[in-house]
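Values in this document were obtained by computation on a predicted structure and should not be read as measured data.
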Amino acid sequence: MCGANKKSFWRNIPDQIIRLAVVTVLLVGGAGAIYILLPASLTSTKLHRELTVTAETEKPIRFAGSTLCGDCHQIEYEKKIVGYHKSLSCETCHGAAAAHVDDPMAATPFVPREREVCPVCHEYDPSRPTGFPQINPTIHNPLQSCANCHNPHDPVPPTTPQECSACHAGIMRTKSVSSHALIACTTCHKVPEQHKIFPRIVRATKPESRDFCGTCHSQGSSERSAPKIDLSRHEERYVCWQCHYPHLPAERL
Amino acid sequence: MKRRDLLKNLIVFLPVSRSFFSCAAQASGTAPIQGYDPDNHLYGMGIEVSKCIGCGKCIEACKTENNVPQEPFFCRTWVERYIVRNDKSVAVETVRTTQKETRAAPNEKDILRSFFVPKLCNQCEHPPCVQVCPVGATFQTRDGVVLVDSDRCIGCRYCIQACPFGARYLHPEKRTADKCTFCYHRVVKGLLPACVEVCPTQARIFGDLKSKASQLVRFQRMNNVHVLKPHLNTEPKVYYSDLDGVVT
Amino acid sequence: MNSELTHRLSELLEQVTGFIYPNEIEIHWSILIVVYPYVTGLVAGAFILASLVKVFNVVEVRPTYRLSLLTALAFLLIAPLPLVLHLGRPERAFEIFLSPNLSSAMAMFGFVYAWYLMGILLLEIWFEYRRDLIVWARQKRFPMSFLYRVLALFSTDISDKAVELDSRAAKIITMIGIPSAFLLHGYVGFIFGSVKANPWWSSVLMPIVFLMSAIVSGIALVTLLYMIITPLRGKPIDIRCLDKITSYLFYAVIVDFALEGLDFIHRLYESEESVKILSALIDQKLFISVLVMQVVLGMIVPLIMLVAVKAGRLNEDLRKLFYFTSCILIQIGIFSMRWNVVIGGQLFSKSFRGLMTYKMEVVGVEGLLMAAALLIAPFLVLAVLLKLLPAWKEAEEH
């Protein structure tokens, strides 16, 4: 009974469906067979990633790293690590040197002697952070090689800079367009000679009181071109630079 | 009954593939170096914006170390110069590395503030590039670096479209996607990435986020850090200190 | 390094306005990727039109039923070509089947495509034509008779019961087919709409907009084909059929127009950080292709024409002229829409500070000629299909 039912069930499947089913089975089976026969290198994501990590790890190294250079170049290295260039890697200026480390004779690193090299970092650029040593290459001892005056492994200025703008370019830039343009820095700041050699240890002074500004700006001052105020009544609870930036006084803070 | 069989047939038509079930593990890769366990590391980079002098040494070093085409259209890392003018308008340009080209000296009197910002692949925690790669050729390693399998990449460039930071390019010879690897071949051997190695002002700080003593963790402790495009929730692992709001 | 590429990119660099990230100079998805969603859209649209007959019993549209099915098939067969050709490594295209990344929308392409081609379109065509194939196999001489027998999978049963079953099967497949057609093209929209890095693409409406524009373009294409082929066969055009199709077309255009308008207004009103660069994009790069081609020529003018037909009692010839013109304009409009999405989305920097330029190659693999060839190819395939599987024979016999 049950068997007969089953038989009629199979007979009842329409002809079209059986034909399509055969095609489907062939297609799916074929695709499945191909997939199974393919090597794991084509289908395994995990394997592929392991291979990539290995391949990536095995890529050649071009920059040897700064710790190696001192083994042979002791003089330069020891000089460098105490000077202003102590944070520089040797390969920053000398270029990739792994080949030189492997075989010192086969490859010689680049030795920058041209004047064009140092300004890559030290040419004045208004986007550079204040305090970073910068020069104007067109007027800074033209035609001379930088190394003539500065030892690149221990760069210090050969002569003490005379102009404040050598280091304080940003402030000079601001002051030069202000009404204080013609006032020398030393009018307001006392600059000990040692400040130019140890700028962060020996500091220049700053004005400390309202009266200092008053020497020019109070009523009765002999300075004729400066605008005058009554020191005793003009915002007496504040010091001047809380509202006026001395290097650009027209601008209210 | 007939109808049910028909549906059965249709379902069988769906190509059944093994990898449907061996569902792609996002992170994988075995230890490539003796004694190196990628699970113990998670790499990131800090960038101290106020230290960058825009010299472009990092760009040159990267191209040398990683065989990046020399042309300026293909960069694994680059440096942007931002100039905010007095009228609050912002001008941006990419720092050029060829020394012969004169720098475009901006009119100084017009500058409100100006600075350089180094850029590279952010090695995101949730990388959109990995999400969209149709063949799984780009993936995250266990130590947190996004790599591209150039033997598998089909060059569809969906990842380039999906990267919000423009960090990817199509390698002109390999015809596959390429990007910064944090110099993976260097860092697994304890070396610094080439750009960090040559940076003269230490504006770039490389380190391991899983090591408390690392330079990077110290950098994060000492600075106000920010990432690029945080609203996209890709969670970059390149951290910028005191990043200006105009940087995009 | 390829000096031709360097030269091309240097030229493009000069045309950049504002700031772009250095890697952004190369426009990666070229004209071929414009062709791809356009062609897939026609597939989905043509299929939807066919489903009107089967599922919704719109009798008037019956003369276009087989034509729509064959059009869908012809375009579907060509659809993967632009994708494969644009790959950097086309020889690796098969990997998308071998190691698909399940989180990638694009990885699903192979499966959606295979499902739609094998599971829906071929099945439906087979059931629709099976009886005819058997008849033709008996009528024709050797090579053709054998081919028809193979195509009929050697079935011979043309009893009323069997033909009845064919018809019911086709109906069921169409019912599954409608969501599948939605899936096929909605999925293409999703590929773009899910890129959060790109504000021009990133939109939940993208799949729906793609879908509606697909329906619009597919219906318009079948209408055009019907209006061209019927006179060529020396038969009269069934104006009732045309009236009915174009009224569906009219509704589809309205919905499409409303969706795209909503998307536009929404962006403008929300005015997110990208709004400035997107305005500049439309203003400087896409003015002609968005406003003139896509909106005015591709939508407003056809809408006016279709309204005119409905409102004014125009005579038959004028109606045909209006239908024909508006269908052509709609094709131009939808192609422009694909262009604006694909190319437009790559013309602005993700820094939101600059615009790039796309310079189309003419002869290269990703060039204009290739795109033109890929757009003509489906028509050639369709011609072969129509020769092999005549779409109107049955109607003539009755």
Undergrad: Which residues, numbered in order, of residues 240-248 of chain B come under 4.5 angstrom of chain C by heavy-atom distance?
TA: B/V246, B/T248

Undergrad: Is C/N101 reaching over with its side chain to a backbone N or O of B/V135, donor-acceptor style, under 3.5 angstrom?
TA: no

Undergrad: Taking heavy atoms only and a threshold strictly under 4.5 Å, list by residue number the residues of residues 352-360 of chain C that touch chain B; give 'none' if the list is empty.
TA: C/R353

Undergrad: Of the backbone (N, CA, C, O) and the side chain (C-beta and beyond), which part of B/A177 lies under 4.5 Å from a heavy atom of chain C, both, or neither?
TA: neither

Undergrad: Return the SG to CG distance between B/C153 and C/L87, rounded to the nearest 0.5 Å.
TA: 9.0 Å

Undergrad: Give, as side chain, backbone, both or neither, the part of C/E273 having an atom under 4.5 angstrom from any heavy atom of chain B.
TA: side chain

Undergrad: Compare every heavy atom of C/K196 with every heavy atom of B/L232, then report the nearest pair and how far apart it is.
TA: O-NZ, 2.7 Å

Undergrad: Which bit of B/T176 comes within less than 4.5 Å of chain C, counting heavy atoms only: side chain, backbone, both or neither?
TA: side chain

Undergrad: If you round to the nearest 0.5 Å, how far is SG of B/C75 from CD1 of C/I25?
TA: 11.5 Å

Undergrad: Answer whether the closest heavy-atom distance between the side chains of B/F165 and C/K350 falls below 4.5 Å.
TA: no

Undergrad: Quick check on side chain to side chain contact (heavy atoms under 4.5 Å, CB included): which of C/S103, C/S104, C/P100, C/S99 does B/P134 satisfy it with?
TA: C/S104

Undergrad: Name the one of B/W78, B/F74, B/F73 that satisfies side chain to side chain contact (heavy atoms under 4.5 Å, CB included) with C/P22?
TA: B/W78

Undergrad: Considering all heavy atoms of both residues, which atom of B/K174 and which atom of C/R89 are nearest to each other, and what is their separation?
TA: O-NH1, 2.9 Å

Undergrad: Using non-hydrogen atoms and a 4.5 Å limit, figure out which bit of C/I20 sits close to chain B: side chain, backbone, both or neither.
TA: backbone

Undergrad: Between B/T77 and chain C, which part of the residue has a heavy atom less than 4.5 Å away: side chain, backbone, both or neither?
TA: neither

Undergrad: Starting at CZ of C/F19, measure out to CD of B/E80 and round the result to the nearest 0.5 Å.
TA: 3.5 Å

Undergrad: Any chance you could measure B/C156, atom SG, to C/R92, atom CZ, to the nearest 0.5 Å?
TA: 12.0 Å

Undergrad: Identify whether the distance between the nearest side-chain nitrogen and carboxylate oxygen of C/E366 and B/R157 falls below 4.0 Å.
TA: yes

Undergrad: Does atom NE2 of B/H231 have more than 12 heavy-atom neighbours from other groups under 6.0 Å away?
TA: yes

Undergrad: Do you know which two heavy atoms are closest between B/Y158 and C/V195, and how far apart they sit?
TA: CE1-CG2, 3.7 Å

Undergrad: Once rounded to the nearest 0.5 Å, what's the spacing between atom CG of C/L9 and atom CD of B/E71?
TA: 8.5 Å

Undergrad: Could you tell me whether C/D160 atom CG has more than 12 heavy atoms of other residues or ligands within 6.0 Å of it?
TA: no

Undergrad: How many angstroms lie between OH in B/Y169 and CD in C/E26, if you round to the nearest 0.5 Å?
TA: 11.5 Å

Undergrad: With only heavy atoms counted, which part of C/S194 is less than 4.5 Å from chain B, the side chain, the backbone, both or neither?
TA: side chain

Undergrad: Which atoms of C/W201 are under 4.5 Å from chain B, going by heavy atoms: the side chain, the backbone, both sets, or neither?
TA: side chain

Undergrad: So which heavy atom on C/A197 is nearest to which on B/P164, and how close?
TA: CB-CA, 3.4 Å

Undergrad: For B/R168, is it the side chain, the backbone, both or neither that has a heavy atom under 4.5 Å from a heavy atom of chain C?
TA: backbone

Undergrad: If you tally heavy-atom pairs under 4.5 Å against chain C, which of B/P72, B/A91, B/S150 wins?
TA: B/S150

